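Computed from a prediction, not measured in an experiment: that's the story for all the values here. Sequence lines set the chain letters: A, B, ... in the order given, protein chains first and strands last, and positions in each chain run from 1.
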Number of protein chains: 2
Amino acid sequence: MMAEDAMETACRSGARAAAQRTRILQAAQKCFVEHGFHAASMATIAQTAEMSPGLIYRYFRSKSEIILAIIERQLEIVRERIGSLHVANDLAAGIADSFHAPTDCHDDMIIAPLFLETSAEATRDPQVGAAVAAVDTAVRTEFTRVLMRAREEGGYGLPEELATKRALMLLCLFEGLKVREAREPHLDHGLLESALGDILGLLLAPQSAEPAG
Amino acid sequence: MMAEDAMETACRSGARAAAQRTRILQAAQKCFVEHGFHAASMATIAQTAEMSPGLIYRYFRSKSEIILAIIERQLEIVRERIGSLHVANDLAAGIADSFHAPTDCHDDMIIAPLFLETSAEATRDPQVGAAVAAVDTAVRTEFTRVLMRAREEGGYGLPEELATKRALMLLCLFEGLKVREAREPHLDHGLLESALGDILGLLLAPQSAEPAG
DNA sequence: CGTAAGAGAATGACCGTTCATTCTACTCAT
DNA sequence: ATGAGTAGAATGAACGGTCATTCTCTTACG
């Protein structure tokens, strides 16, 4: 016979428990998008997940633990996207494709309202702030590295100083794109892709003239 | 002697009432930055304004009216900034100067956490959404107009299609800058200004080569 | 029968808002 | 001058409701 704690573990972390957890997280994400982290109530989340409020507490210690789980999942998606960015051959299209209409909703997306809410929460909650800062630094570093890497190695061969500046602007551009997604969800996709192609052509050119005064 | 209603008017909408209103709004803004629109309570706002909770309701109908007032003030600042943008001779410096450390706090600033919170709220509350959308459209139109205007008239002389694209990217860049301000409040100001000079030199050049495929 | 899963009412704290009351400052008849 | 009268300003306790969380009880299954 199994030891009690082993059985406990097998059960708690079993397939059912995992399914319940993701069910709760999906419901919570939907509610957070619709109402925000603080305006969404546990009762609403429970209703959305089609279970009783009390049951949620079997799988999560508190509401803020759920919020943190949602945020960390979003940050993980950011990490994944960045990791696969420098592999893509058409950068503009790849970036434009991360701009989503609000209708479609896979679970590997950076949801614009969650991005905004998370960024705001990061300025208040130290735990969220730390998680966001870690990913943020990693992304900025990765951007700079890709811009500096030699062209024959898949980079853009920019000198360090220029790479640092352009990585910063690129980062602002991407984050601004998420803001835009929240504000203009039905923005013309063709225009966006074309505009991105234009600006990336400028920013990632082999070498460009120095800016005027 | 004044008529009673005249005195009444002078009193209600008098200097005192106005002062109380701004006192409440300043306290509310502080609380909203610190805790967010929904997590900040009327009790906290009242305490910050050094008055009783009940008194606030003499000057504002509800909490959401206060939230809306704060948001509309922020949007007004955006309008002002945009209006005076194309007058500035050093665009990069002007933009970089709207990037604020969290310590200094005049009341003609676009506060980064409020920007995020407002953008998120706009996706939920129709009234906020409408106010934000109005300003948003105006800003994007103004950007495009400036990029299209002839150089001798203070514009940048870009053809319409290119102006549309670059205005969109410029907008994303600015909004991204606010996200960055929230995340990296102590970002090196020199680097920022230099990076902005670089990218604006590219985006606003008299005419640039078309992007590679 | 025993044990985990689940439901849903109970709990206490706190929310936005209201209201009866008190305070303050000013008018004016004496 | 002074004290009564008064109206607006301000208070803070109270209210109904809702919040996150806990508890008790039932159900289902091995």
* Asked: Charged N to carboxylate O below 4.0 Å: is that the case for A/Glu160 and A/Lys165?
  -> no

Pull out every protein N or O sitting under 3.5 Å from an N or O of nucleotides 11-15 of chain D, one pair per line with the distance.
from: D/dT11; atom 1: OP2; to: B/Ser52; atom 2: N; distance (Å): 2.8
from: D/dT11; atom 1: OP2; to: B/Ser52; atom 2: OG; distance (Å): 2.9

* **Salt-bridge present (B/Arg73, B/Glu80; N to O < 4.0 Å)** => yes

* Tell me: NE2 of A/His38 to P of C/dC15, nearest whole Å? -> 13 Å

* Structure fact -> note: B/Tyr59, atom OH; C/dT17, atom P; distance rounded to Å ~ 18 Å

* Does B/Tyr57 put a side-chain nitrogen or oxygen below 4.0 Å from OP1 or OP2 of C/dT17? -> yes

* To do: For B/Ala40, answer base if it contacts any base atom (sugar-phosphate contacts may also be present), sugar-phosphate if it contacts only those atoms, and nothing otherwise; contact means non-hydrogen atoms under 4.0 Å.
  => sugar-phosphate

* **Length of the line joining B/Phe60:CZ and D/dA9:C1', which is rounded to integer Å** => 16 Å

* **Spacing of A/Arg23 atom CZ relative to C/dA5 atom P, expressed in whole Å** => 16 Å

* Within this structure, what is the CZ-to-C1' distance between B/Arg16 and D/dA9, rounded to whole angstrom? -> 7 Å

* Tell me: CZ of A/Phe37 to C1' of D/dA20, nearest whole Å? -> 17 Å

* What's the NZ-P distance between A/Lys63 and D/dA20, to the nearest Å? -> 4 Å

* Is it true that A/Asp136 and B/Arg183 make a salt bridge, defined as a side-chain N closer than 4.0 Å to a carboxylate O? -> yes

* Asked: Hey, are A/Glu76 and A/Arg81 close enough for a salt bridge, meaning a charged N less than 4.0 Å from a carboxylate O?
  -> no

* Asked: Are A/Arg180 and A/Glu184 within salt-bridge range, i.e. N to O under 4.0 Å?
  -> yes

* Structure fact -> note: A/Ile45, atom CD1; D/dT18, atom P; distance rounded to Å ~ 17 Å

* Asked: Among C/dC15, D/dT21, C/dG6, which is the nearest nucleotide to the side chain of A/Gln20?
  -> C/dG6

* Structure fact -> When every non-hydrogen atom of A/Val33 is compared with those of A/Pro113, the smallest separation belongs to CG1-CG, 4.3 Å

* Asked: Just wondering, do A/Thr118 and A/Ile70 contact through their side chains at under 4.5 Å, heavy atoms?
  -> no

